[in-house]
Amino acid sequence: MEHTESDPRGVSLGLVGASGGLGTSTVAAGLATRAAMAGRDTVLVDLDVGSGGSDLLLGCEREPGPRWGDLAGASGLVDPVALLDRLPRSEHGVATLTHARRWQPVTDQTLRAVRAPLLGAVEVSILDCGTNVPPWIAELDAVMVVVGGTVAALAAAEVAADRLLQAGASPWLVTRGLEERWEAAVSEAMQLPILARIPDDRRMIEDLEVGVAPGSRSRSPLTRMCDEVLRSVLIERERAS
């Protein structure tokens, strides 16, 4: 499955959790679902080895198709069209490259073979980085760091933001559980803009238990947040181009 050229890149958005348990993967799945439901060819790339898998969040865990482990040993550049045709897809059309239910880290060689071609073959790419900061993250069009509202979570957020800045990225902050009255102070202290606030949505938790993809309900706080984020990213990219 060799490939030597990639098409012009679409929009790429990376999410990094400053710490675990903040719902970073849920937001990534919601963004991908909303983009796909808006008619965009979309892929969700799951780089969080320790997660349950983006296919589970999207409700397509039983769909056949390659996972990261099946691509081990890939070299050169993969054919993104052939790969996209084989990847599992959600009922809303999101293609996802994720992990099987076993521990198998993605090697740098495999990631190099897949990342650029795949991101260049779709209109919208959402990358769930977990708590990791890959060295190439500044190449993405936008980066979000998800920040919690506790003292420990804010301390972790400072470290994550510093890692992203040192990698050359200019991240936005997305908060969860941070009181609105403290947002301006946190933004000023970290010298980073706040893009969005992850809502408390009890129905979202219930949906995850029964396989309803985040963002698939047309009227929900999470859906509204994801739509706002996607609009902001697209507008920002158009201004930069």
Side-chain angles (χ1 to χ4, degrees), residues 11-35 44 46-48 50-52 54 57 126-134 137-138 140-209 214-215 217-237 239-240:
V11 178
S12 55
L13 172 58
L15 289 92
V16 173
S19 53
L22 295 176
T24 305
S25 294
T26 300
V27 173
L31 289 168
T33 298
R34 296 308 298 169
L44 173 57
D46 181 6
L47 297 172
D48 187 2
S51 73
S54 56
L57 283 172
I126 309 295
L127 295 91
D128 178 5
C129 300
T131 56
N132 302 307
V133 176
I137 197 160
L140 303 180
D141 293 302
V143 178
M144 297 161 48
V145 56
V146 183
V147 176
T150 66
V151 172
L154 289 171
E158 285 193 273
V159 176
D162 188 54
R163 290 172 65 195
L164 286 163
L165 290 169
Q166 289 191 36
S170 300
W172 275 313
L173 301 179
V174 174
T175 67
R176 182 171 190 180
L178 178 66
E179 292 186 40
E180 190 172 355
R181 62 193 176 111
W182 297 115
E183 287 185 346
V186 168
S187 178
E188 183 178 356
M190 298 180 66
Q191 297 187 332
L192 293 173
I194 291 178
L195 176 63
R197 184 187 306 115
I198 300 176
D200 291 325
D201 188 346
R202 182 179 299 177
R203 192 170 189 180
M204 176 177 67
I205 298 173
E206 295 171 352
D207 284 347
L208 292 175
E209 293 296 324
R217 294 192 183 277
S218 59
R219 295 181 180 178
S220 79
L222 179 67
T223 292
R224 288 194 295 272
M225 189 215 79
C226 289
D227 286 346
E228 290 169 4
V229 167
L230 289 169
R231 279 195 295 270
S232 296
V233 170
L234 291 171
I235 291 171
E236 188 73 17
R237 187 171 185 265
R239 287 175 178 167

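Quantities reported herein were computed from a predicted structural model and do not represent experimental measurements. Numbers here are sequence positions counted from 1.
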Would you call [X] and [Y] a side-chain contact if the rule is heavy atoms closer than 4.5 Å?
X: V146; Y: V27; answer: no
X: V186; Y: T175; answer: no
X: L164; Y: I137; answer: yes
X: L173; Y: L195; answer: no
X: P171; Y: L165; answer: yes
X: V16; Y: T24; answer: no
X: L13; Y: V229; answer: yes

Closest approach of [X] and [Y], non-hydrogen atoms and distance?
X: W172; Y: S232; value: CH2-O, 4.2 Å
X: A157; Y: A18; value: CA-CB, 3.5 Å
X: R163; Y: V133; value: NH2-N, 3.4 Å
X: V11; Y: V233; value: CG1-CG1, 3.7 Å
X: M190; Y: A161; value: CE-CB, 3.6 Å
X: L57; Y: S25; value: CD1-O, 3.5 Å

Distance from [X] atom [atom1] to [Y] atom [atom2], nearest 0.5 Å?
X: I126; Y: L230; atom1: CD1; atom2: CG; answer: 6.0 Å
X: D48; Y: L15; atom1: CG; atom2: CG; answer: 11.5 Å
X: L47; Y: S54; atom1: CG; atom2: OG; answer: 9.5 Å
X: R176; Y: S19; atom1: CZ; atom2: OG; answer: 11.0 Å
X: D128; Y: L31; atom1: CG; atom2: CG; answer: 10.5 Å
X: R197; Y: E228; atom1: CZ; atom2: CD; answer: 10.0 Å

Enclosure of D162 CG (heavy-atom neighbours >12, cutoff 6.0 Å):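 More than 12 within 6.0 Å, yes.
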
Spell out, as yes or no, whether a donor-acceptor pair under 3.5 Å connects the side chain of [X] to the backbone of [Y].
X: T223; Y: R217; answer: yes
X: S187; Y: L192; answer: yes
X: R34; Y: G215; answer: yes

